[in-house]
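Step one of this worksheet: look at the structure below.
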Amino acid sequence: MGIAVGPADFDRLTQRAVIVSDTLLLSHNGHGARHEIATLSDRREDAPAPDDPSWLRVGRRTREVLHIHRPDLDGLGKWLLDTEPLLRSGLAWYLPSYSMRRDINYMGMGPMGSDEALPTVYSDVPGVLDFLSAGRRAVAQSDTSPIKSQFVIPVIEHLDLPFLEGLSMRDLSKITVEEFDSYRALRSWLRQELLNVDAAMSAIEIERELIKVSHRIQDGIRGVRSQMRQTRRKRAVAVTGAVVGTVSASLIAIYGPALQSALTAIAGGATGGLWSTVEARVSNSSRALRDDPWYFVWRLSRSATIGDA
């Protein structure tokens, strides 16, 4: 989906829109100052004198310049660096809003030079955009799919997503790509939740349903935190088992088969049995957890908390 971004809230909109879009395309759509980025051509040539007898000899300079329209080029550069993982993976794109200006300048032996500024040619960015944003508002274009509106507008304008508060753009980009399976699962879950919010409801009813979605997100975060604590405890047990297994193997080497028989009866063997089972469970639970949609949310909220510390 394509969104035209205003001068402010560029990071905020990116963070929110990317969690419900397959591919996010952002553009400033003419907002901001015009910055010259390249000279396309610069030609000097003889030219007929203007219809003015005071001109003796005339030369003409035609210059074509490409401009990009952006409120803050430094800010755009930082955003491009921070979102590099998203850009490289194709999850996010940036479409510059640009224009080409052609100026003709007459120079010669006469009273003064003369400039002729031809009409500026602008890129056709709006044709690929679905929404125009201003501040924390998003307005759908006339040909935008209602389904897209049902996904994007609540996420940008209304939905409480506390796990994004304090999160840097760089961390979100990195975690999204690293935990892509979990991110994709969250995206599917969130889309389904938003589809269940009937657009025909009153504003108060829609707000109530979105609050319920926010509460379910909080429940999901609490659930994955509990699972992470359980996984850590199992890992601690597994580490203990590894230490015991190493010590047991050393004792067997010293005391022989009699001790090995005793250990086998107690724990299923010095290097297997109980501890192998625990390690297998820890490994399996970790893999399953990383496919869970709430694992992605947990990593984002954890990164935001560490960043604030």
Side-chain angles (χ1 to χ4, degrees), residues 1-29 31-32 68 70-96 131 133-138 151-191 213-214 217-218 220-225 227-228 289-309:
M1 63 184 69
I3 304 178
V5 188
D9 291 329
F10 198 29
D11 282 1
R12 177 185 180 276
L13 188 142
T14 304
Q15 290 179 342
R16 286 177 166 262
V18 80
I19 64 174
V20 289
S21 61
D22 291 321
T23 302
L24 176 63
L25 179 124
L26 296 176
S27 173
H28 279 93
N29 190 28
H31 292 293
I68 186 173
R70 172 66 167 93
D72 175 19
L73 279 182
D74 291 339
L76 175 60
K78 183 179 184 304
W79 182 87
L80 290 172
L81 289 174
D82 289 345
T83 58
E84 182 180 0
L86 295 178
L87 296 171
R88 286 186 176 277
S89 65
L91 292 173
W93 296 75
Y94 180 75
L95 177 63
F131 301 90
S133 71
R136 301 196 174 193
R137 301 281 296 174
F151 291 156
V152 172
I153 292 178
V155 170
I156 293 177
E157 296 185 1
H158 306 296
L159 196 60
D160 184 22
L161 300 172
F163 58 88
L164 295 179
E165 297 300 326
L167 182 69
S168 71
M169 193 68 246
R170 183 183 296 273
D171 285 345
L172 179 132
S173 301
K174 179 174 177 289
I175 294 170
T176 300
V177 173
E178 289 178 349
E179 307 299 344
F180 182 75
D181 289 339
S182 180
Y183 152 76
R184 186 170 54 183
L186 175 72
R187 184 179 62 193
S188 298
W189 178 89
L190 188 54
R191 284 175 172 179
V213 174
S214 297
I217 291 173
Q218 290 298 322
I221 295 174
R222 283 191 290 270
V224 79
R225 283 175 179 165
Q227 287 179 282
M228 291 301 297
L289 195 58
R290 292 189 65 174
D291 292 336
D292 190 285
W294 305 114
Y295 182 79
F296 172 68
V297 176
W298 173 80
R299 277 210 60 187
L300 293 181
S301 59
R302 184 170 180 266
S303 179
T305 302
I306 293 173
D308 289 341

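Computed over heavy atoms, backbone and side chain alike; hydrogens, waters and symmetry mates excluded.
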By the side-chain hydrogen bond (donor to acceptor under 3.5 Å, both in side chains) test, which pairs, at least two apart or in different chains, include something from residues 154-164? Arg137-Glu157
Kindly give the heavy-atom pair with the smallest separation between [X] and [Y], and that separation in Å.
X      : Y      : result
Leu24  : Val18  : CD2-N, 4.0 Å
Arg187 : Ser21  : NH1-O, 3.4 Å
Ser303 : Ile175 : CB-CD1, 3.8 Å
Leu80  : Leu87  : O-CD1, 3.7 Å
Thr14  : Met169 : CG2-CE, 3.7 Å
Trp294 : Ile221 : CE3-N, 4.3 Å

State the OG1-CG distance between Thr176 and Leu91, to the nearest 0.5 angstrom.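 The CG atom of Leu91 is 7.5 Å from OG1 of Thr176, to the nearest 0.5 Å.
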CZ of Arg12 to CD of Glu165: how many Å apart, nearest 0.5 Å?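 It comes to 8.0 Å.
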Chi angles and distances behind the side chain to side chain contact (heavy atoms under 4.5 Å, CB included) call for Leu300, Phe296: CA-CA 6 Å; Leu300 293 181; Phe296 172 68; 3.5 Å; yes
Which residues pass the side chain to side chain contact (heavy atoms under 4.5 Å, CB included) test with Ala185, not counting sequence neighbours? Pro293
Using a strict threshold of under 4.0 Å (side-chain N to carboxylate O), is an ion pair present between [Y] and [X]?
X      : Y      : value
Asp171 : Arg299 : no
Asp181 : Arg184 : yes
Arg191 : Asp22  : yes

Full working for side chain to side chain contact (heavy atoms under 4.5 Å, CB included) between Thr83 and Tyr94: CA-CA 10 Å; Thr83 58; Tyr94 180 75; over 6 Å; no
Determine whether a donor-acceptor pair (N or O, by modelled atom type, separation under 3.5 Å) exists between the side chain of [X] and the backbone of [Y].
X      : Y      : result
Arg16  : Leu164 : no
Ser173 : Pro85  : no
Ser27  : Ala4   : no

Let me see the working for Leu86 and Leu172 under side chain to side chain contact (heavy atoms under 4.5 Å, CB included), right down to the final yes or no. CA-CA 9 Å; Leu86 295 178; Leu172 179 132; 4.2 Å; yes
State, with a plain yes or no, whether a side-chain heavy atom of Leu190 is found less than 4.5 Å away from one of Ile19. yes
For a 4.5 angstrom cut-off between non-hydrogen side-chain atoms, does Leu26 reach Phe10?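 A side-chain contact under 4.5 Å exists here.
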If you count every heavy atom of other residues, nucleotides or ligands that lies below 6.0 Å from Trp189 atom CH2, does the total exceed 12?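 Yes, enclosed.
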Under 6.0 Å from the CZ atom of Arg222, do we count more than 12 heavy atoms belonging to anything else shown? yes
Evaluate the side chain to side chain contact (heavy atoms under 4.5 Å, CB included) criterion for residues Phe131 and Ile156: first the C-alpha distance (whole Å), next the side-chain angles of each, then the deciding distance (0.1 Å), finally the verdict. CA-CA 11 Å; Phe131 301 90; Ile156 293 177; over 6 Å; no
